[in-house]
Amino acid sequence: QEIRFMCYSDGNECEAAGEIIERFEAENDGVSVVIDKVPYKAILENLPVQLAAGTGPDMAKVTDLGGLSKYYLDLAPHVDRAYWEESFGPILDWYRKGPDDDGIYGLHSQLTITGPFINRTLFDQAEVEVPGPDATWDDWAEATRKVAEATETPFAMAIDRSGHRIAGPAISYGAKLFGEDGTPTLVDEGFTTFAQKFVDWNKDGTMAPDVWGAAGGTTYQDAAQEFINGELVFYYSGSWNVQRMDSSIGDAFDWEVVGSPCGPAACTGMPGGAGIVGFEQTQHPEIVAKLIDFLAEKENYADLTAKSLNIPAHAAVAAEGVTYEGASEQAAAALNAFAAQVPTVSPIAFAYQGYKNNRAMFNISLARVSQAIVGELTVEEAMARAKDDLAQALAESGE
Amino acid sequence: MTTAGEQTPHISRRTARLELRNVTKSFGKAEVIRGVDLTVEQGEFCVFVGPSGCGKSTLLRMISGLENVTAGEIRIGGDVVNDVPAAERGLAMVFQSYALYPHMSVRQNLSFGLENLRTPRGQIAETVEEVAAMLQIDMLLDRRPKDLSGGQRQRVAIGRAVVREPRIFLFDEPLSNLDAELRVEMRGEISRLHARLGNTMVYVTHDQVEAMTMADRIVVLRDGQVEQVGAPLELYNSPANLFVAGFIGSPRMNFLTGRVEAGRLRLDNGQMVDVPHGKFSLEDGAAVTLGVRPNHLIPVAETVSGLHATVRGIEQLGGDSYVHAVTAAGEAVSLHRPGQTDLTVGAEVYLEPDPDQLHLFDTATGRALRADPARDSSAEKS
Amino acid sequence: MTTAGEQTPHISRRTARLELRNVTKSFGKAEVIRGVDLTVEQGEFCVFVGPSGCGKSTLLRMISGLENVTAGEIRIGGDVVNDVPAAERGLAMVFQSYALYPHMSVRQNLSFGLENLRTPRGQIAETVEEVAAMLQIDMLLDRRPKDLSGGQRQRVAIGRAVVREPRIFLFDEPLSNLDAELRVEMRGEISRLHARLGNTMVYVTHDQVEAMTMADRIVVLRDGQVEQVGAPLELYNSPANLFVAGFIGSPRMNFLTGRVEAGRLRLDNGQMVDVPHGKFSLEDGAAVTLGVRPNHLIPVAETVSGLHATVRGIEQLGGDSYVHAVTAAGEAVSLHRPGQTDLTVGAEVYLEPDPDQLHLFDTATGRALRADPARDSSAEKS
Amino acid sequence: MANVTAFLTRTRGRGRLHWTDWASYAYLALGVFLMFGPVIWLVVSSFKTQAELDRFPPRFLPYAPETVQLDGHAEPLPLFRVTDGPLAGETVAQVRRIGLTSQVVRPEAPGEVVKINRADRVPVERVKPALENYRTLFERFDFMRYFWNSTFITLTATAITLLVNSMAAFALAKYEFRGRGAVVALVIGVLMVPQSVVLVPLFMVTREFGMLDSPWGVIIPGAATPTGVFLLRQYMLTIPDEILDAARMDKASEWKIFWRIVLPLSAPAIAVLAILSIMWRWNDFLWPLIALSRSENYTLQLALNSFQGEMRTEWSSLLAMTVLTLLPVALVFAFLQKYIATGIASTGGK
Amino acid sequence: MLLRLISPLMNVVDLPMRALQRRLGISRLAWVFLLPNLLLFGTFAFLPILLNFAYAFTGTDNILLLDRTFVGAENFAQLLDCDSYLDPNTCARDLFWRAVHNTAWFIVMQVGFMVGFSLLTALVLNREIKARGFFRAVFFFPVLLSPVVVALVWKWVLQRNGILNAGLEAVGMDSVVWLLDRHWAFFWSVFLSVWAHMGFYTLILLAGLQAIPRDVYEAAVMDAAGPWRTFRRITLPLLMPTMLVVMVLALIKGVQTFDEIYAFTGGGPGSATTFIIQYIYETGFGGAPRLFGPAAAASLLLALLLVALTVIQLWITRRSSNG
Ligand SMILES: Nc1ncnc2c1ncn2[C@@H]1O[C@H](COP(=O)(O)OP(=O)(O)OP(=O)(O)O)[C@@H](O)[C@H]1O
Ligand SMILES: Nc1ncnc2c1ncn2[C@@H]1O[C@H](COP(=O)(O)OP(=O)(O)OP(=O)(O)O)[C@@H](O)[C@H]1O
Ligand SMILES: [Mg+2]
Ligand SMILES: [Mg+2]
């Protein structure tokens, strides 16, 4: 039997998974798994269409975990529920259709967490104390501005241009995102507060204006390049960038990962990542389930995370710690620093990540906050528009 | 030249009689052909002449099927072909504007038509070589049209029609860009071709010599209408009207207006001319125009009836001379003298028309005046 | 017609003497003009004749500046113009291919050149109307070229050159698509234009009548080289060589080969011909060619010296007749008879050349044999 | 104005350079700089490592730090030139760097570690193309297969496009028939709507024809390009009807007129369309991405674009791929462009 | 050469075509020539557009038409709900109207520059210059680049530390963050679009220029027409059919501009370079939420606008070429 696995990668994930899958093929005669390595765009834009049309692959690595939930193959009948619950716990919710669903749908192969990178060398040169773990966003803004001034660095801070990235800080400032009954609200006082602050920082130059200001729509834009070139003191991004920092910065300067800054409500980042799921349309549900289960086995999972330099979502693997292959000390330290933040993630962030229409909310917040930053709309207008947009999106998706 | 089998499904090959019945053509509002009736017999060599813009090319294009007929009927071999597409009428045409295929070499231009008839390769090559040799373009076979001189292009255009040996040929001024010598040769070639194939040919020309020497019958057109149809000498000797009289023959006939006075003619310049009796039916007092060809106006010693004129210009052609003069009354007349004349500009001459060669026309209608009113009858070959 | 001021910065207007010095032209490897030397004086009407493809148009295009000169020099008014762009040479040209502007109406085609010279609007309109009337295309002024007949197009092409009244006119077969009558008129118009403007004109034609009647001097070209230059009658009466003798005059001169025998001529067919003494320098035993024009070959009653021939074909032009015959020895000869001949095919004739009108050529070199060897001298106007 | 207007007509080569020729060459030089400069930049960049690509400000040539293999050190050590301090002017190898100080050794004396300020040294670098960008491309996947897939799709699609479009253009340019206006309007109307807007319905239609996941699913839907029809038709309008008439008199069937007369005479426009079509098909990404999901059917573009991840794109590989995929089309262009230049100078008429 | 390869094939086709020609007559044969194109066209271009109608009048985020619910003209109503069409802020779908405004400006500027520059370039390349083939290739090269690469290249040039700023500083001027300013961003979008596609239009125009008979130019030279007049009165009118192609295609391309600008500015800053297609794409296809209905409605409005534009353009050119 032939299994089609549609995979994208930010680094070498597909190759890493491929090695493990070869072992699976060796163990299971007659099964051949073909990995169709695709651009991420295909996963984001085409896979949903293919699934809707019934022409999708057997399994895939996806990021819109909740959005595609209606197509997932329930692995529960084929796997050891206890093992899965124990290993992945709440993350399994991210794949579920709703609160009442207790199916097991996907293997979270790539857990990510957002958080800041800082240019330690610049702090040292400016002789400014690195703020502690309880420091607020304001403290960080203050400190990094000082560093930037002292070292004539162009930018103090930057946050990736992404709705997902600002969710953590917003939650820290008290954004609830969902109402009491679980319906999404997105805009509330906390969210507005952070949005206002963020817009101000962009205007006064604390935040590198190029990141949010020079792009539009729902484009993703990172600031890794500025950070790598030592032009940025504080860079709020996520764990997936560790590898790149490691290889591109080299020994140009020292960099570190620190905990997410705090707001009045929390000190949280956003979890995220990608997972491997099977689809209901498959002709070979048992094999797909078996394969995913195989990948979820502890040593295989550990292998996968170690090779692809990811944070483990598997409880036991995380507990044991991962020895990353081929990573420098600095990188390994950074990854572990990220891993250490997983427990501090706010439940709202967790729920947000698991909500099936979260992409719509990310995009809406992204587009509207951007407009406020470039001055097309005031912050209030932007927030009002964001509310409208959300209403339209929800109406369309049948809620 | 070997004949390629024409494939004309609708129309049988043998009968290539061409009939036009009240054919009319309008471009938008402008009517350029106004009811032409004409029959060209199988094997006949028919020449169309007429002033520039009178509709010769248009008529030819209608016969070929490239131009729609606005009204009327065209028949080939008895069948109405109004709706038969050009490609299936089985004609060949030499375009006035050549219309060579610019992207093909001369050889390809010539062989294209044969290929369309599925003539075997070898035979095509042979035929093309033969025709090219006849037209003296054999050393140009691999050139493109743009690298040819005007006359060479024209010969390619002729060759393209000739290779196919169709049942009807249409030629639109095919020799206009050739030199005299070559023209004589080509004339000969076309005549020989005609003799050999026995095809019907329709030929447009402005050249009097071509018209007179090649035609079985000449059709004189004017402004979209047929003025006269007849054998060459018939048109020359008995033109049906002023227009034909002036058009056929070069230099053109001299016209002098006058009135009939007691069986004689008093010209407007006061001179009296005797006209042979019995040859014309004259009414006293009628306004008539006297036509005398330049070679029938003979310089004489001063006489009573002599026409007094002053030489205004002389054209020496070597073998002939044209003398242009004005009468005392200011009328322009021209004389044709054989050899090189020694008249000079300013000389006074007295002229007498050859009484056997006079033409008389009704000034009002332009009709020729003749005792025997049988005009326009298409005579046999002379 | 009012003259628009020509703007020719480099070259003064008045002197329009045209000189070609050893001008050569090659297309790739093919040499089509091989060292032409020629001077056309200010105000002269110079006609180029020659077989199709001999390089007339190419020469004209080189003078105009549209074609590069491969080697040699072209001077206008004394200045070398090899590198002066066509637009600045101040010439006008009628193209053999017409080259009308397809997107412009006839009126626009005619006025374009004047507009380029910044002629005032009113004056343009006037000039255009005038020229159009002269060319009889005044009712076509608002048509596009594609809606014109061939002859109408040609007249527009002439008009386009004429409106500008430049210092040198170049005409490339401008009348080839016109009917005889119109052609005579146009000839007259061009001559009058020439007389009025005093421009230099270079005129290519295939028409013997045009060449003979319009030219001050005729240049005979053959294969890219000048064969003879001279006044029309000079060429007709004393052709420098066999080629010119055959080319000038229509129908062409009859040639009979023979040998000099004791001051007389023994033709290859055995007949003896007397040649006037003193006129030719003859060497005994030399191979010579006798040239007699068709109108100097006179049918006679049988005589000793008469050339016996059988009529093979007759061309009746109305005013003249051409009789084609073959001698007993199989040589083709043609006669030109005034009027309509009553000879018939198959008739036997005896011919005697007019002894005053004989031409003799060295068979080997083609050179004319004359007592006075002054040939090729460009004579005054006759 | 004047200098603009001066280029506006063709001149004929006449040895001497007119000032308009100078202006033309100046314009062309500017064009080379503006048009070609970035392309060269791109090609050079494809030989840069990811780190070098990330570098601000960018440098034109690819540099790599010079390293030296010294006794007692397993890894090769990067070389630096010291600009200040006691070792000023010397070239040293860095063992490690801690904070603002850097521990270096002199290559002559590998045992003796010296500490210097990190600000006092500059790396020694030399030009070194990162050929590994290309090597990985060939290593990572079956290049030949994707190349073949792309070639097959491109050539077949172009052939079909040319044929089908030129037939339609011929009909619309050279025949009078009822409904012609409507067809032209339809063609132009549909020409307007970009494919990206109708992706979903197009996907549905293609699926209904069972052409998904096969090369034909990529080839057929785009074959009838309105652009091509429009382009060819306008060009064919300039071919004189008289030449077609001549061919009709030569007993050519309409089909023969089409392919022996009209097609060759439209060569410049056909060449434009061919170039265009080849380029479209070769570079097409969006539609194959949707229509093809099995990697064995992938085109080169798809395969190579799989370097694009969610958060990160491997620019080094992407650029190398761009250069690689650029080559064949560039060659095709070089071959076809001469047809554009050889217009029919005269129409073979009078 | 290619023709020679396929000629046997074409000869085979000739037989049935001859038969058809005989049966149908020439004017109906036109439809035979049109048929393959119309079939493909109808199925893969026209049908999807019709299906788009179905999407526009239905709701929910389902892709399968059968699963969608009918909502009437709701989507259109929403899109057209504006107090003033000139001020996007007063519209229910402000982004749509921003995109419309941007697109309108973009088209005007883009078509103008595109036609202007490609014409100029074609004219220069049509001269008898040395190394013509090379120069033609140079101008065409950007066309071969994929949109992503085009965007990347110009981002490099324009970024804060890019080559352009380096150049500006070298001559003593201040550097500018080009893409942070909406006007500059817009300008560079136009520039980039012209840069990337000009080569293609140049090629078309070049083909058009080559089709003008040479003897007409010669006649103009003899008529002492200066370069400017030759251009105005000969080249331009005879090039008009080709210019029409270029203008229509440039217009369409302008409206369809998406890929490279999306990769270049992402539509920013804010929405300064967001054009209609990006709006439609982002709304319906590119991400969440997937609003197929509104996207389809927007695309139909767009199509309507386009048809109107083309009709106007055709009309204007027809008039000017006749007059
Ligand atoms: N572009 C070209 N390439 C090669 N040969 C050419 C080219 N143009 C003309 N020729 C050749 O040069 C010779 C002279 O041509 P030209 O047009 O000057 O002849 P012509 O005397 O005007 O003839 P015609 O009376 O037939 O118009 C011809 O043999 C012609 O084939
Ligand atoms: N497409 C057209 N539209 C309008 N008028 C036309 C069109 N074609 C030809 N004509 C006119 O029809 C008349 C006849 O044209 P035709 O070409 O048949 O003349 P022709 O007798 O061949 O003249 P020529 O001897 O000058 O070639 C001319 O007056 C011409 O202007
Ligand atoms: Mg005609
Ligand atoms: Mg010529």
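Each chain gets a letter, A, B and so on, in the order the sequences are listed, and its residues count up from 1.
- Nearest heavy-atom pair, D179(C) versus F247(B), reported as atom, atom and distance to 0.1 Å: OD2-CE1, 3.4 Å.
- Comment: R252(C) does not engage E185(B) in a salt bridge, judged by the lack of any side-chain N to carboxylate O separation of less than 4.0 angstrom.
- Residues R183(C) and H206(B) meet the side-chain proximity criterion, which asks for heavy atoms closer than 4.5 Å.
- Between chain B and the options D172(C), V32(C), V209(C), L235(C), the largest number of non-hydrogen pairs under 4.5 Å is found for V209(C).
- Other residues, nucleotides and ligands contribute at most 12 non-hydrogen atoms within 6.0 Å of the CG atom of N68(B).
- Q208(B) and A180(C) get closest at one heavy-atom pair: NE2-CB, 3.6 Å.
- Taking L182(B), N237(B), V184(B) one by one and counting their heavy-atom pairs under 4.5 Å with chain C, the maximum is reached by N237(B).
- Ranked by heavy-atom pairs shorter than 4.5 Å toward chain B, the options T205(C), L178(C), D320(C) are led by L178(C).
- Only the side chain of H336(B) comes within less than 4.5 Å of a heavy atom in chain C; its backbone stays farther off.
- For P51(B), the parts lying near chain C are the backbone and the side chain together; criterion is any non-hydrogen pair under 4.5 Å.
- Per-residue counts of heavy-atom pairs under 4.5 Å with chain C were compared for G151(B), S149(B), G318(B); the largest is that of G318(B).
- Rounding to the nearest 0.5 Å gives a distance of 8.5 Å between CZ of R143(B) and CZ of F27(C).
- For the side-chain hydrogen bond (donor to acceptor under 3.5 Å, both in side chains) criterion with S52(B), the lone passing option out of R155(C), R153(C), Q136(C) is R155(C).
- Y236(C) is not listed as a side-chain neighbour of Q316(B), based on a closest heavy-atom distance of 4.5 Å or more.
- Counting non-hydrogen atoms of other residues, nucleotides and ligands closer than 6.0 Å to CZ of R312(C) gives a total of 12 or fewer.
- Using a 4.5 Å cut-off between heavy atoms, Q152(C) contacts chain B through both its backbone and its side chain.
- The candidate with the highest count of non-hydrogen atom pairs below 4.5 Å against chain C, out of G319(B), G246(B), S250(B), is G319(B).
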Start with the C-alpha distance between L233(B) and Q340(C), add both sets of side-chain angles, then the distance that settles side chain to side chain contact (heavy atoms under 4.5 Å, CB included), and finish with yes or no.
CA-CA 9 Å; L233(B) 284 183; Q340(C) 292 164 21; 3.8 Å; yes
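- In this structure, the side chains of D207(B) and D207(C) stay at 4.5 Å or more apart for every pair of heavy atoms.
- Residues Q96(C) and N177(B) meet the side-chain proximity criterion, which asks for heavy atoms closer than 4.5 Å.
- Within the 4.5 Å cutoff, the side chain of E315(B) has heavy atoms near those of the R187(C) side chain.
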